[in-house]
Amino acid sequence: MNENQTVGIVLAGGQSRRFGSPKSFAEKDGKSFYQWSIDTLVPVVNSIVLITNRELEKRFIHRGKVEVFTDIEQHSGKGPLAGIYTAMTKKPATWYAVIPTDVPFMDKKVFERLGNDRETGKQAIIPIVNGRLQPLIGYYHVSLKPIIEKLLEADRLNMVALLDEAQVTYVQFEDETPFININRLEDYERYFSTD
C-alpha cells in the first residue's frame, strides 16, 4: 500500500447505448472526452488508471503514465462498481478519485474542493449538485474495497448501494456546469453543434 497515495480512476467501460457510439471518443475542442477526464485528474492524483471493456481497450491512446485495464474477469460487465474494484485491486492506494468519461466540462477545482474533506475520517466524499447525487464523481477510500466486493458478489450494482454502506461526506455544489453529463447524441449536439 502506498500511504497517502491517490489514484485517479477514469471509468470508460460503458456501452454508450443511448449515445450510439462509444462516447469516450467523442470530442470537445478537438480532444477526446476521456482525455478531458484524465486531464482533470492529473493535478490532484499521483497516478491514473483507465478502466474499460475488452472491445475498447486497444482504442485508448494513453499519453503519460495512464494505465489501461479491463474489469477483473469475475466481475466483468458489472458497471462502475466493478471498475472501481478493479482499480483498487490493480493499483494499491489510500484514496481513489473517480470520474466517468461523459463529463467534458468537469473542472479540477471540483476535485480540489472534494479533496479537502478527505481528513474527516469518512470513506467517500461525494458531490450533491442542487439536490442531485453524483456518485460517479468523488473520492473513495480503500477501506471500501471489501464492501464493494460483497456488493459485486451479490449483484447489487447500484452506486447508491455502496453509499448506503459507507461513511460519506456529501459536499454541496450549486454550479451545475462541471457536472453536465453527455448521455445522448442530442446532448452532444446541444452543447457542441457547430450549426
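Heavy-atom basis, side chains included; hydrogens, waters and symmetry copies ignored. Computed from a prediction, not measured in an experiment: that's the story for all the values here. We're numbering straight along the sequence, starting at 1.
No side-chain heavy atom of T169 sits less than 4.5 Å from a side-chain heavy atom of R118. Side-chain contact between N130 and E174 is present, with at least one heavy-atom pair separated by less than 4.5 Å. A heavy-atom distance below 4.5 Å is found between the side chains of I137 and V103. Looking at heavy atoms from C-beta onward, L151 lies in side-chain contact with L162 at the 4.5 angstrom threshold. Side-chain contact between E153 and H75: present, with at least one pair of heavy atoms (C-beta onward) separated by less than 4.5 Å. Taking the side chain as every heavy atom from C-beta outward, Y191 and I182 approach each other to under 4.5 Å. Between L81 and M159, the closest side-chain pair of non-hydrogen atoms falls below 4.5 Å. Looking at F173 and R113, their side chains come closer than 4.5 Å, going by heavy atoms from C-beta outward.
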Test side chain to side chain contact (heavy atoms under 4.5 Å, CB included) applied to T89 and I72, step by step: CA-CA 9 Å; T89 302; I72 289 173; 3.5 Å; yes

Full working for side chain to side chain contact (heavy atoms under 4.5 Å, CB included) between L136 and L11: CA-CA 9 Å; L136 293 183; L11 296 172; 4.1 Å; yes

Test salt bridge (Lys or Arg N to Asp or Glu O under 4.0 Å) applied to K150 and E165, step by step: CA-CA 11 Å; K150 182 182 74 173; E165 297 203 27; 2.9 Å; yes

Steps toward side chain to side chain contact (heavy atoms under 4.5 Å, CB included) verdict (D39, K31): CA-CA 10 Å; D39 292 349; K31 186 161 68 175; 2.7 Å; yes

Evaluation steps, side-chain hydrogen bond (donor to acceptor under 3.5 Å, both in side chains), between R54 and S76: CA-CA 9 Å; R54 295 199 185 284; S76 181; 5.7 Å; no

Full working for side chain to side chain contact (heavy atoms under 4.5 Å, CB included) between L144 and Q123: CA-CA 7 Å; L144 289 171; Q123 296 172 295; 3.8 Å; yes

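The two residues S37 and V10 make their nearest non-hydrogen contact at CB-CG1, 4.1 Å. In this structure, A161 and R156 approach most closely via the heavy-atom pair CB-NH2, 3.7 Å. The shortest non-hydrogen separation linking S24 to T101 is OG-OG1, 2.9 Å. Across every non-hydrogen atom of A124 and L163, the tightest pair is CB-CD2, 4.2 Å. When every heavy atom of P43 is checked against every heavy atom of T40, the shortest pair comes out as CD-O, 3.3 Å. Nearest heavy-atom pair, D102 versus F33, reported as atom, atom and distance to 0.1 Å: CA-CD2, 4.3 Å.
Classification of the F60-F25 ring pair by plane angle, with boundaries at 30° and 60°, yields tilted.
Between the side chain of W95 and the main chain of Q5, no donor-acceptor pair closer than 3.5 Å is present. Side chain of N46 to main chain of V7: no donor-acceptor pair is present (N/O by atom type, distance under 3.5 Å, no hydrogens or angles). Using modelled atom types, no side-chain atom of R132 and backbone atom of V129 make a donor-acceptor pair closer than 3.5 Å. In this structure, the side chain of S32 does not engage the main chain of E27 through any donor-acceptor pair within 3.5 Å. With hydrogens and angles disregarded, a donor-acceptor distance shorter than 3.5 Å links the side chain of K28 to the backbone of P104. Judged by distance alone, with hydrogens and angles left aside, the side-chain atoms of Y96 form a donor-acceptor pair with the main-chain N or O of K91 at under 3.5 Å. No donor-acceptor pair under 3.5 Å is formed between the side chain of D107 and the backbone N or O of V110.
Counting non-hydrogen atoms of neighbouring residues, nucleotides and ligands closer than 6.0 angstrom, the CD atom of E119 reaches no more than 12 such neighbours.
Taking the ring centre of Y188 as origin, the terminal cationic atom of K23 falls outside the region bounded by 6.0 Å and 45° from the ring axis. The side-chain tip of R59 does not point at the ring of Y34 from less than 6.0 angstrom away and within 45° of straight on.
T70 OG1 to L50 CG: the interatomic distance, rounded to the nearest 0.5 Å, is 11.0 Å. Distance check: N53 CG to D71 CG gives 8.0 Å after rounding to the nearest 0.5 Å. With rounding to the nearest 0.5 Å, the separation of NZ in K90 from CD1 in I9 is 13.0 Å. Separation of atoms NZ (K58) and OG1 (T52) is listed at 11.0 Å; rounding is to 0.5 Å. With values rounded to the nearest 0.5 angstrom, L152 atom CG is found 12.0 Å from I147 atom CD1. The CD1 atom of I48 sits 5.0 Å away from atom CG of L41, with the distance rounded to the nearest 0.5 Å.
Remark: R190 does not engage E186 in a salt bridge, criterion side-chain N to carboxylate O under 4.0 Å.
Cluster annotation: W36 and F105 are assigned to distinct hydrophobic clusters (Ile/Leu/Val/Met/Phe/Trp/Tyr, side-chain heavy-atom contacts under 4.5 Å, transitive).
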